[in-house]
Chemist: 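Before we start, here is the structure in question, set down as structure tokens.
A, B, ... follow the sequence lines: proteins, then strands. Residue 1 opens every chain. The figures that follow rest on heavy atoms only: side chains count, while hydrogens, waters and symmetry mates do not. In this text the structure is predicted, and so the values were computed from the model without any measurement.
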Amino acid sequence: MSDYIGHGGKPIVERVLEKDKAKDAIQGLTQVPVRRQIAHEAISLSYGFFTPLEGFMTWEDVNTVCTEMRLSDGTVWSIPILFDMKAEKLKELEIKEGDSILLTYMDAPLAIMDVEEIYDCDKLTVCQAVYGTTETKHPGVRRTMECEDKFLAGKITLVNEPKFNEPYKSFWKTPKQHIDAKKEKGWEHMVAHQTRNVPHTGHEWLMKGAWFAANEDLMVDELRTGVLVNCIIGEKRVGDYIDEAILLAHNKLNEAGYFRPDVHMVTFTLWDMRYAGPREAIFHAALRTNLGCTHHMFGRDHAGVGDYYDTYAAHHLLKQVKDDLRIKPVFVLEWWYCPVCAEVTCSALCGHTKERQKFSGTLIRSIIMDGVKPTRLILRPEVFDTVMECAEKYGFGSPFVTEKYLAERQPIFTLEKMEVGKA
Amino acid sequence: MAADIGINIWINEERYEKLKEAGLADMAEEVLAGMKRIQIKCTEEQKDEILKKYPSAKFDASTTRTIELLPRDVKDKIFEIAIAKKSTGPEVIEEFLKG
């Protein structure tokens with residue numbers, strides 16, 4: 001059996017054309033410039049991050065994802081992967097079902113899309129099903145409602161592989177490369193940590209606790225379990241940590257010895273968070289299955305926003321579909337600092353509920369924003385130093401996203417320019 | 001209206017010195033693994049006004065009931081008013097918003 005089996009027991013398929021073939025294949029195709037989100041998702045689809053999907057969804061898939069949380073072939077899937085376009089643009093470019101079109105990004109060819117279907121979709125119905133609300137203050141709802149009025153479905157083939165810039169280059173792996181890396185490290189179990197934050201000690205201990213859970217009954221004379229920190233790199237908002245700081249600060253945890261390098265690996269996935277809470281948790285389970293993970297940690301209010309979802313809604317939804325997943329959820333409770341225990345500890349274990357000192361990523365961002373160095377009990381000094389170095393090197397003096405960073409940040413990747421003959 | 005919402009001003013050495021000079025060092029409380037802060041209280045109305053003025057700030061309604069991620073210069077200004085008024089009550093934010 002192939003080593004590259006992903007979500008739903010389906011093979012991970014890479015749809016990437018070699019350079020020479022790509023140059024020929026793109027000639028004469030209608031060019032369609034796409035925005036960042038679509039470009040990132042086209043890249044993810046091509047490498048198999050969204051296995052079993054090989055392209056943007058058909059109406060039938062969107063419909064069953066909304067109504068049954070499954071693709072039309074029965075595979076569990078929770079978030080529609082949509083490619084939207086203005087009706088006028090479709091008309092202007094004379095795009096019709098059966099055509100192949102060339103998606104371009106940053107003025108360079110990116111991928112060929114074989115247009116299988118062009119359809120209408122009721123965005124409010126999608127929002128209600130996926131986010132449980134149609135309120136536009138929900139960022140996922142806002143994103144969906146901002147979609148254009150027509151949707152295109154069809155397989156995607158990458159014709160121009162992205163060249164990642166540092167520090168991204170050091171952490172980029174395709175799904176197959178993730179699986180190869182797991183094998184090289186000798187890991188039988190790999191537990192995913194979902195993050196878009198710089199790690200504080202609460203995160204660190206959450207990961208350490210998950211390592212023990214994921215190790216299960218494996219012998220410990222030779223370690224065969226690893227933690228995969230798979231950072232989400234996508235849309236940024238003012239006040240978020242800059243992407244470079246997230247990657248390098250996580251990696252610092254193993255460079256500085258808080259994790260042994262042989263049980264810890266940092267990578268990233270290009271994805272814009274939808275903040276769909278429980279449904280996003282299901283998506284994360286599928287995504288990390290495609291990276292070779294056997295386990296995935298899910299904390300409180302996983303991928304939630306505001307008070308839209310119950311604290312442990314993701315846990316309950318995961319439990320409902322766990323027999324259809326190839327990844328075991330590791331359910332984790334809240335971690336806090338206890339001055340009596342004098343350590344970071346877990347709400348499932350520590351009895352000093354009156355003395356507990358809750359902390360959150362937001363609180364620690366607030367401390368750093370005040371120009372105050374957090375104590376090593378809540379943020380490792382090496383992590384703090386890395387964050388501040390990133391501020392100087394990548395963030396125009398700030399470890400947090402600013403308007404300047406949004407406008408002038410170094411690109412995550414570049415695309416080679418290629419000659420394309422006219423249609 | 002009850003002033004039950006907080007704005008944490010985290011205390012570094014510089015701020016601690018200023019608190020000491022003003023005889024307010026006792027206002028600094030240890031809240032998180034050795035981290036010290038003073039917490040300026042504000043009302044629901046003041047909170048809304050602050051969030052409107054500084055959209056990058058966030059109100060943590062579920063865990064701490066505090067306004068976080070205010071820019072540093074804003075915190076510095078609020079801190080100075082707190083020192084001048086020798087208070088952490090909502091009158092500090094009232095004066096800040098007037099300014």
Chemist: Within a 6.0 Å radius of atom NZ on A:K319, are there more than 12 heavy atoms belonging to other residues, nucleotides or ligands?
Modeler: no
Chemist: What's the spacing between A:I378 CD1 and B:M35 CE if we round to 0.5 Å?
Modeler: 5.0 Å
Chemist: Would you give the length of the straight line joining atom CZ of A:R237 to atom NZ of B:K58, rounded to the nearest 0.5 angstrom?
Modeler: 5.5 Å
Chemist: Nearest 0.5 angstrom please: B:T64 OG1 to A:L363 CG, how far?
Modeler: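 These two atoms lie 6.0 Å from each other.
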Chemist: Can you tell me if NZ on A:K236 sees more than 12 non-hydrogen neighbours from other groups inside 6.0 Å?
Modeler: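 For A:K236, atom NZ is crowded (more than 12 foreign heavy atoms under 6.0 Å).
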Chemist: At a heavy-atom separation under 4.5 Å, does B:D60 approach chain A through its side chain, its backbone, both, or neither?
Modeler: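 Contact with chain A involves the side chain of B:D60 alone.
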Chemist: Does A:D370 come within less than 4.0 Å of B:R15, counting only side-chain N to carboxylate O?
Modeler: yes
Chemist: What pair of heavy atoms forms the shortest contact from A:S366 to B:W10, and how long is it?
Modeler: OG-NE1, 3.4 Å
Chemist: Within this structure, what is the CD1-CG distance for the pair A:I367 and B:N12, rounded to the nearest 0.5 Å?
Modeler: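 Answer rounded to 0.5 Å: 11.5 Å.
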Chemist: Might you confirm whether atom CG of B:D73 has over 12 heavy atoms from other residues, nucleotides or ligands at distances under 6.0 Å?
Modeler: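 Check passes, neighbour count above 12.
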Chemist: To the nearest 0.5 angstrom, please state how far the OG1 atom of A:T375 sits from the NZ atom of B:K36.
Modeler: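 Interatomic distance, A:T375 OG1 to B:K36 NZ, rounded to 0.5 Å: 12.0 Å.
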Chemist: Would you find more than 12 non-hydrogen atoms of other residues, nucleotides or ligands less than 6.0 Å from A:E408 atom CD?
Modeler: yes
Chemist: Indicate yes or no: at least one non-hydrogen side-chain atom of A:Q357 is less than 4.5 angstrom from one of B:V31.
Modeler: no
Chemist: Under 3.5 Å, side chain of B:E68 to main-chain N/O of A:R365, donor-acceptor pair present?
Modeler: no
